[in-house]
Each structure stands twice: as C-alpha cells, then as structure tokens.
Number of protein chains: 2
Amino acid sequence: MRSEVPNSAIGVPSYILLRDQLRENIISGKIPAGARLLPVEIARRFGVSQTPVRGALQQLEGEGLITIFPHREARVRLFDEHFVRNICDLWGVIEGLMARLSIPRLTPAVMEKLNDISECLRIAIESGDMSSRLSLNQEFHRTIYVLSENSEALGIFEKYLGLIEALHNRYGFHPQRGPKILEDHAAILKALHSQDTALVEELVRLHCEGARDDLLACMSESKDT
Amino acid sequence: MRSEVPNSAIGVPSYILLRDQLRENIISGKIPAGARLLPVEIARRFGVSQTPVRGALQQLEGEGLITIFPHREARVRLFDEHFVRNICDLWGVIEGLMARLSIPRLTPAVMEKLNDISECLRIAIESGDMSSRLSLNQEFHRTIYVLSENSEALGIFEKYLGLIEALHNRYGFHPQRGPKILEDHAAILKALHSQDTALVEELVRLHCEGARDDLLACMSESKDT
DNA sequence: TAGTGGTCTAGACCACGGT
DNA sequence: CCGTGGTCTAGACCACTAA
C-alpha cells in the first residue's frame with residue numbers, strides 16, 4: 001500500500017508529519033486533554049501503517065505532551081489548574097531570566113520594533129480582536145527573549161506557549177486584563193530602555209503572575225457555571 | 001528470534017528498557033556527546049530488532065537528549081560551555097522558584113533532615129569523597145524542592161541533573177569550591193528557617209551562579225591543557 | 001550510480017482487562 | 001480464557017551520500 005498522506009513533502013518522513021500534526025491538534029485543543037490516542041485509528045485516517053504513528057507518539061511522550069501506559073494505551077496529558085499554576089510560575093522566572101539576559105543585546109532597532117508591536121497590540125485589544133491580541137502578545141515577548149541566546153530557556157517557554165494560548169482562547173480574559181497588559185508592557189519597555197536588569201526581571205515576573213491569576217480565575221468561573 | 005535482553009522484567013516493553021539504559025549511558029558520558037547512534041548496532045547488542053531501538057531513540061529525541069537527522073543519522077547532543085551556561089542560568093531561577101515555593105511547607109522534621117545532610121556533606125567534602133559529595137548535594141536540594149509541588153519545574157531540574165553531575169565528575173571542582181558550598185548551604189538553611197522568601201530565592205540563585213562559574217572554569221582549564 | 005542505513009509495511013506475538 | 005490492542009520481527013523500500 002502506498003502512502004497517501006496529502007501535502008506530504010517528499011523526503012520528510014511521515015512520522016514527523018504525524019508528530020507535528022498531532023502536536024498541533026493537542027495544543028490547540030482539537031484533540032482534548034485526556035483523550036485516548038488509538039494508533040490503528042490514526043494510521044487509518046492518515047493512510048499509513050502503525051509504525052510511523054508509534055514513532056510520532058514516542059516523540060510526543062518524550063516531550064511530555066502525552067502519556068503512554070505500556071501495553072495499555074496512550075492518552076493526552078491532563079492540563080488542569082494545578083498544571084496551569086505550575087507553568088505560569090515557571091514562566092515567571094524563566095521569562096524574567098530571558099528578559100534580563102537580553103538587555104545587553106538590545107538595539108535601537110529592536111526597541112523600535114517593540115514600540116510598533118505595542119501599538120498594534122493596543123489596537124487589537126481595544127477592538128476586541130482576540131486572535132491578533134494573542135499573536136501580537138507572543139511576538140512582543142518572543143522579540144525580547146530570542147536575544148537572551150538561552151535556547152534551553154526559550155525552548156521551555158515555546159513548549160507551553162501554544163497550550164496556554166489555547167486555554168486563553170477557550171476561557172477568555174477578564175475585561176480589565178487588556179489595559180493591565182498594556183500598562184505592564186509599557187513599564188517593561190521603560191525598564192528595558194533604562195537597562196535596569198533587576199527591575200525588568202521583577203516586572204516580567206509580576207506580568208506573568210498577573211496572567212496566571214487571570215487565567216486561573218477564568219477557568220474556575222467557567223467550571224462553576 | 002527470541003528476545004535475549006538479560007534482566008528484562010516481564011511485562012516491561014524492551015523499548016523502555018533500551019530507552020532507560022541509553023539515557024543513563026548518555027547522561028553518565030559512557031556514550032559521549034556527539035556520538036553516533038547506529039540502530040542496527042544497538043539492536044544487535046541487545047538482541048532485539050530495530051523497532052524497539054527506534055522507539056527508544058524517538059523518545060530520547062523528544063526529551064532533547066539526542067538529535068535525529070531524518071534519513072541520515074541519530075547523534076547524542078553536544079553539551080558545550082554554552083549549553084552549561086544556559087542550564088545553570090536556568091537552574092538558578094528555577095531552583096530559586098522551587099525553594100521559595102517550598103517555604104510554607106517546611107516542617108521541623110525537614111529542617112532536621114537538612115541539617116543532617118549538611119553535616120554528612122561537610123564530612124564528604126573534607127574527606128574528598130567525590131561520589132558522596134555529589135549525591136548528598138543532590139539530596140540536600142531535592143529535599144527542599146519536592147516541597148514546591150511544582151512537578152514541571154522539578155522535572156526540568158531532574159532532567160539535567162545527571163548530565164551536569166557527570167560533567168562535575170569529569171572536570172572536578174576547584175579546591176575553594178567545597179567550603180563555599182557549605183557556606184552557601186548554611187546561609188540558605190538560615191534563610192529558610194526565618195521564612196525569608198526573597199532572601200532564599202536570591203541565595204539559591206547565587207549558589208547556582210557559583211556552581212556555574214566553577215564548572216565553566218574547570219571545563220575551560222581542561223581544554224587548555 | 002551504487003551502497004548505506006533510515007523508514008515503512010504486513011503480520012505474528014503476547015500482555016492486560018474483562019467475562 | 002477470550003478479545004482488544006500494544007509490541008515486535010523480518011524484510012522491502014527508498015532518501016541521501018559518495019564515488
């Protein structure tokens with residue numbers, strides 16, 4: 001039987017295509033947390049045998065996105081409030097670290113770019129454009145963090161980014177969170193400009209803790225109703 | 001052909017045994033950084049076919065310990081000075097976070113245990129027992145961090161622990177590092193006792209930065225000679 | 001244009017949970 | 001003790017590299 005994966009770029013093994021597609025579906029919530037992953041079913045859907053499916057699942061388990069119970073089954077990890085709290089706390093210190101490390105490598109061009117992004121983000125928040133809001137916020141932070149040149153820290157940040165973003169997409173924000181984000185970003189920009197490492201680190205951490213508390217509150221409210 | 005893996009506990013799939021054994025060999029340096037991993041060779045050594053070997057490699061790639069170049073080869077990641085700096089900086093903030101979070105959950109019994117470990121560590125350092133020194137130091141930190149109840153942060157800490165420890169084993173310490181560790185630990189214990197969250201976090205971070213600078217210096221010296 | 005070795009397939013095997 | 005489905009084997013296939 002020939003492979004029938006559509007869009008399969010030649011030369012790219014199908015376990016990689018499968019892995020990326022499954023990861024995206026998990027992160028975006030299309031495959032919900034806790035869902036069972038049935039290799040034979042996935043193999044049928046993609047027109048391949050079980051081997052590349054297993055390859056993809058093995059990698060995702062290594063990444064911590066799914067759990068394989070040997071000889072039993074594979075399931076998407078649970079992402080509950082405790083998980084969110086853990087990740088946001090972790091982010092607080094990691095983003096603080098990356099922001100601090102980026103300071104010596106900031107250039108006028110980067111500051112210019114950050115100002116532009118902030119302006120676009122303000123418009124997105126005021127006009128209620130959730131999709132732009134999320135991606136511009138991402139870009140703001142990523143623009144700073146790539147300068148830290150700490151790929152391990154950046155990798156951890158990126159790993160959970162889509163997951164948390166999906167939760168924001170599902171549970172929304174409180175109305176007062178928008179202005180607070182703009183305020184935080186402005187303060188961070190100012191501290192970056194004055195090269196105040198300790199202040200930058202503290203502001204970034206507080207920013208993350210604010211995000212954490214807003215998301216946890218939204219999750220808890222949605223559970224009550 | 002029957003499986004001939006010795007010590008293979010029944011019910012445990014061989015890709016898991018292989019994965020754990022390969023991980024251990026990589027972390028301990030028995031399989032050196034940058035080494036090529038040849039599935040057919042590994043399969044022969046363990047008396048299994050290539051499929052479980054690939055399963056093990058896929059998981060290790062997901063964990064970031066090895067890199068698979070599709071259609072080409074799999075190699076152990078490089079762990080150079082830049083990597084060490086990244087990990088130690090990361091640890092500085094993550095360990096600071098976990099120490100801070102653990103404070104509300106400290107009990108007299110835990111403080112007692114930490115004092116005991118410190119005393120044993122002092123003896124190990126003074127008598128030059130490197131193996132005890134490393135494991136007692138691990139135990140000191142882990143005893144605090146498990147109380148943070150942030151399994152994501154703890155997982156990142158644990159993930160690189162063996163790797164950094166192996167580097168310490170290979171490159172050693174400077175003579176003045178031993179007393180400094182004892183001094184740092186004593187200060188951390190005192191701050192824990194007085195429940196001073198900000199101070200604990202700062203001391204832990206400084207402790208990590210000290211470890212980083214010592215290890216980097218040892219690595220750089222060994223390269224010169 | 002080989003040769004090497006990474007990837008994939010079909011099917012057998014067998015651990016586990018429920019009957 | 002049977003059924004489901006997770007695991008493993010042997011071998012074919014084929015992408016990439018080096019002549």
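Convention: sequence-line order gives letters A, B, ...; per-chain numbering from 1. The analysis underlying the following values was restricted to heavy atoms, covering all of them including side chains, and did not include hydrogens, waters or symmetry mates. All figures in this text were calculated on a predicted structure; none of them were measured in a lab.
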Take Ile117(A) and His185(A) through the test side-chain contact (heavy atoms from CB on, under 4.5 Å) and record every step on the way to the result.
CA-CA 10 Å; Ile117(A) 295 172; His185(A) 282 197; over 6 Å; no
Is the distance from OP1 or OP2 of dT7(D) to the nearest side-chain N or O of Tyr15(B) less than 4.0 Å?
yes
Per nearest nucleotide of DNA chain C, the residue lying toward the 5' end, Ser49(A) or Arg36(B), is Arg36(B)
Any pair with a residue in residues 74-85 of chain B that passes side-chain hydrogen bond (donor to acceptor under 3.5 Å, both in side chains), sequence neighbours left out, goes on the list, sorted by first then second residue, please.
Glu152(A)-Arg77(B), Glu73(B)-Arg75(B), Glu81(B)-Lys223(B)
Quick check: on DNA chain D, is the nucleotide nearest Thr51(A) upstream (toward 5') of the one nearest Glu73(A), or the reverse? Name the residue that is more 5'.
Glu73(A)
Tell me whether the side-chain N/O atoms of Arg54(B) come closer than 4.0 Å to OP1 or OP2 in dG6(C).
no
Tabulate below the donor-acceptor pairs under 3.5 Å that side-chain atoms of residues 157-174 of chain A make, not counting sequence neighbours, or state none.
unit_1: Glu158(A); atom_1: OE1; unit_2: Arg142(A); atom_2: NH1; d: 2.5
unit_1: Glu158(A); atom_1: OE2; unit_2: Arg142(A); atom_2: NH1; d: 2.7
unit_1: Lys159(A); atom_1: NZ; unit_2: Glu63(A); atom_2: O; d: 2.6
unit_1: Glu165(A); atom_1: OE1; unit_2: Gln138(A); atom_2: NE2; d: 2.6
unit_1: Glu165(A); atom_1: OE2; unit_2: Gln138(A); atom_2: NE2; d: 3.3
unit_1: His174(A); atom_1: ND1; unit_2: Asp214(A); atom_2: OD1; d: 3.1
unit_1: His174(A); atom_1: NE2; unit_2: Glu221(A); atom_2: OE1; d: 3.2
unit_1: His174(A); atom_1: NE2; unit_2: Glu221(A); atom_2: OE2; d: 2.9

Using atom names, set out every protein N or O paired with an N or O of nucleotides 17-19 of chain C below 3.5 Å, distance rounded to 0.1 Å.
unit_1: dG17(C); atom_1: OP1; unit_2: Arg72(A); atom_2: NE; d: 3.4
unit_1: dG17(C); atom_1: OP1; unit_2: Arg72(A); atom_2: NH1; d: 3.4
unit_1: dG17(C); atom_1: OP1; unit_2: Arg72(A); atom_2: NH2; d: 3.3

Quick check: does any side chain N or O of Asn150(B) sit under 3.5 Å from a backbone N or O of Asn86(A), one acting as donor and the other as acceptor?
yes
Between dT7(C) and Ser14(A), is there an OP1 or OP2 to side-chain N/O distance shorter than 4.0 Å?
no
Please determine, for the side chain of Val48(A), which listed nucleotide (dT9(C), dA15(C), dT7(C)) has the closest atom?
dT9(C)
Which part of the nucleic acid, if any, lies within contact of Gln50(A), taking any heavy atom under 4.0 Å across all strands shown: a base, the sugar-phosphate backbone alone, or nothing?
base
